There are 2 protein chains.
Amino acid sequence: MVRKSASGRIGIADVAVKAGVSHATVSRVMNGNFTVDPEIAARVRAAAAELKYQPNPVGRSLALGKTDTIGIVVPDLANPTFQAILRGLSRAAAQDGYRVLIADSFEVSSEESILAGEARRRCDGLVLCAPRMSDAELEEIAPSLRPLVLINRTTAAAGVPSLVVDYGQGVQDIAEHLVDLGHSRLAFLAGPPRSASNNLRLQGLEAFKAAHPQVQVTMLEGGSDFNTGHEAVDAVLESGATGILAFNDLVAMGLMSGLHERGLDVPGDISVTGFDDIPFAKYTTPALTTAAVPITELGEQAWHQLRALIRNEESDAPGSRYQPRLEVRASTGPAKAARTAVHG
Amino acid sequence: MVRKSASGRIGIADVAVKAGVSHATVSRVMNGNFTVDPEIAARVRAAAAELKYQPNPVGRSLALGKTDTIGIVVPDLANPTFQAILRGLSRAAAQDGYRVLIADSFEVSSEESILAGEARRRCDGLVLCAPRMSDAELEEIAPSLRPLVLINRTTAAAGVPSLVVDYGQGVQDIAEHLVDLGHSRLAFLAGPPRSASNNLRLQGLEAFKAAHPQVQVTMLEGGSDFNTGHEAVDAVLESGATGILAFNDLVAMGLMSGLHERGLDVPGDISVTGFDDIPFAKYTTPALTTAAVPITELGEQAWHQLRALIRNEESDAPGSRYQPRLEVRASTGPAKAARTAVHG
DNA sequence: CCCCGAGCAGAAAACGCTTTCTTGTTGACC
DNA sequence: GGTCAACAAGAAAGCGTTTTCTGCTCGGGG
């Protein structure tokens, strides 16, 4: 009848009693300390096995000052981009014996720093994913969150590496591709206003416009999901553009679906591009031209940076920059003769 | 110069010293215990604020015997179904102040029980999502994992509620729908062999076949992702079926993409159905007919069941059963005249 | 034969918090 | 004015580990 007095669970004390040794010896055996007599060690191991003893990680964490857990804060777990990052992070961390705790801020930027703080205190490190908070706030709380790795955001705070995707370059590549196909009237379906990655895209487009003054680029309000694209059909048609750069693949899919409902052909009438190259992009009809971001790898790299920070506090990791790769598929094609605004 | 001797972080002791009171009093104040003189409480609060004191959750967890964290074990974080469950679970748990720790078994069923045990020990409860392990193994470890909630799996072990989706009924509904459209030759693109939900679908199809002996139903090997569907085009065409039930929406999308490449029209030549109604299903071209599973709600309900278990150990929650809802869209249509096997 | 170092295991402190137990003070009631 | 209840705050005991410190025993060398 194995039973622990208080908690109901069996602890190190039970094993110690059963093996007729002290707590300390049990601990030593469980941690592979070789300064224990082999015969006693065997007895302890036998007792532990018989009682199905499993060390309590909370007690262990308190004594060791580490939890073998990292946290990740994302603005929206429904977004495939963040899901992919989470997946890459989780997989990489698991290989080193770390688990991941997730915190979803639901795009409420005011909650972000509290959430991040709470998560950080339970973990050995934190990944802050595309935070929506202001630069000032980020810089202020960053030091208290270290070891910290940023994704798609940078900060002036010291010792905080960032992994950023060069959305500006990516969007320029896409625009160039459309121009090469003969499109001279483009439109950009923007993303969430607070998103740093959206700003990078806008900067990229400014650079593009400067280099191609003859191309007309219309800016349209937007968001980051299907509906944004689906509901933007009217605005897109009114713009008269023949080449549409959607904020991401989801928006592009929503847009294509809306265009299809109106009886318009992609890319015959209008060319559409996405961004991210989520797995679905290859299987839309027509397959989506997009800029591929090695997003799972980003999560993986985030772990590697964080691991370096956790292991030796002073590895001032530099962070790195990822170049999207243009992925030309069937949703873009040669421009028709110049169109004028079309309704419904 | 605020600095804690050992850990570098400031603890309850620092606040106590600064406020000129004992540790106990600080703890009482921080936990809203009203048996403290208001004036002293104010002093403590001021000290805590000035030092930016934040209680260490690990110490707290050890003392209280709870972590305010729950775990979820999924077979594959890349699967949109599990992502949606995770999202619903995380959101619901967050509203009650709980966080979630994720564990991905990467479809390695032998790792599952170890992973589950480790996760459970760090948490107050566990959600086991479509576990791939055997019934025997599940029943054996279930008691040690309680409070435990199962998703898409049941067990004879006591006090373990399950949330299951009636995939059998769903697949029958879809098949009926195709028959109503005049299809008499169907094919089922199966999912992963170890998946319990796949078995439920197969049982549903058996029931369907019994009720409709005149309908021919071909079984095809499969999987759960895009590629499965894309690579199944040949097998599908050889089967001569005009109505295809894909294991899930991903497989259906892969299949539609493959059919499109072969120049076949959906639903003109072949009708295709999915399962799950992931957000993408509405935006494929043609929009996908599928069986909608309230998957995010499933995650939410999982939390509610788990919460009941955590709060009063003896609330023997019954678990519940979810009925998929047929969602007819544009990927299914009237059958053409009977086709014979077509190649290439 | 005695002393000292090495080696091994138990005792105890530490990790940071909560909570019970204890003590000292105050106020009320007889 | 004395006794006792009520109460507020400090002391200390946990929670389950790890790890340092201490002490004991044994073997070897002087």
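These figures come from a predicted structure and were not determined experimentally. Residue numbers begin at 1 in each chain, while the letters A, B, ... track the order of the sequences.
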Write down the protein N/O and nucleotide N/O pairs, taken from nucleotides 4-9 of chain C, whose separation is under 3.5 Å; answer none if there are no such pairs.
residue : atom : partner : partner atom : Å
C/dA9   : OP1  : A/D37   : N            : 3.4
C/dA9   : OP2  : A/T35   : O            : 3.3
C/dA9   : OP2  : A/D37   : N            : 3.0

* To do: Answer whether the closest heavy-atom distance between the side chains of A/W303 and A/V149 falls below 4.5 Å.
  => no

* Write down the distance between CG (B/N33) and P (C/dT20), rounded to a whole number of angstrom. => 10 Å

* B/Q301 side chain to B/S320 side chain, donor-acceptor N/O pair below 3.5 angstrom -> no

* Asked: Are A/D104 and B/R91 ion-paired here, with the side-chain N under 4.0 Å from a carboxylate O?
  -> no

* Just how far, in rounded Å, is P of C/dG16 from CD of B/Q54? -> 15 Å

* For atom CG of A/N31 and atom C1' of D/dT17, their distance in whole Å -> 9 Å

* Please tell me if the side chains of A/V100 and A/T69 come closer than 4.5 Å, counting only heavy atoms from C-beta onward. => no

* Asked: Quick one: bend of the helix from C/dC1-D/dG30 to C/dC30-D/dG1 from 5 pairs per end, to 10°?
  -> 70°

* To do: May I ask you to say whether A/E107 pairs ionically with A/R194, meaning some side-chain N is under 4.0 Å from a carboxylate O?
  => no

* Check whether any side-chain heavy atom of A/I12 lies under 4.5 Å from a side-chain heavy atom of A/S27, and answer yes or no. => yes

* Asked: Do B/R132 and B/E112 meet the salt-bridge criterion of a basic N to acidic O distance under 4.0 Å?
  -> no

* **Minimum side-chain heavy-atom gap A/V165-A/N152 below 4.5 Å** => yes

* **Distance, rounded to the nearest Å, where A/L64 contributes CG and C/dC15 contributes C1'** => 9 Å

* Separation of C/dT19 C1' from B/I12 CD1 (nearest whole Å) -> 11 Å

* N or O in side chain of A/Y53 less than 4.0 angstrom from D/dG16 OP1/OP2 -> no

* Test item: side-chain donor near acceptor, A/N56 and B/R122, under 3.5 Å -> no

* **For atom CZ of B/R43 and atom P of D/dA8, their distance in whole Å** => 15 Å

* To do: Verify the distance criterion only: is there a donor paired with an acceptor across the side chains of A/D124 and A/T67 at less than 3.5 Å?
  => yes

* May I ask you to test the A/T296-A/L89 pair for a side-chain heavy-atom distance under 4.5 Å? => no

* **Residue-level proximity of residues 55-63 of chain A to DNA chain C when a heavy atom falls under 4.0 Å** => A/L62, A/A63

* Which whole-number value in Å describes the distance from B/H23 NE2 to C/dT20 P? -> 18 Å

* Just how far, in rounded Å, is P of D/dG14 from CZ of A/R9? -> 21 Å

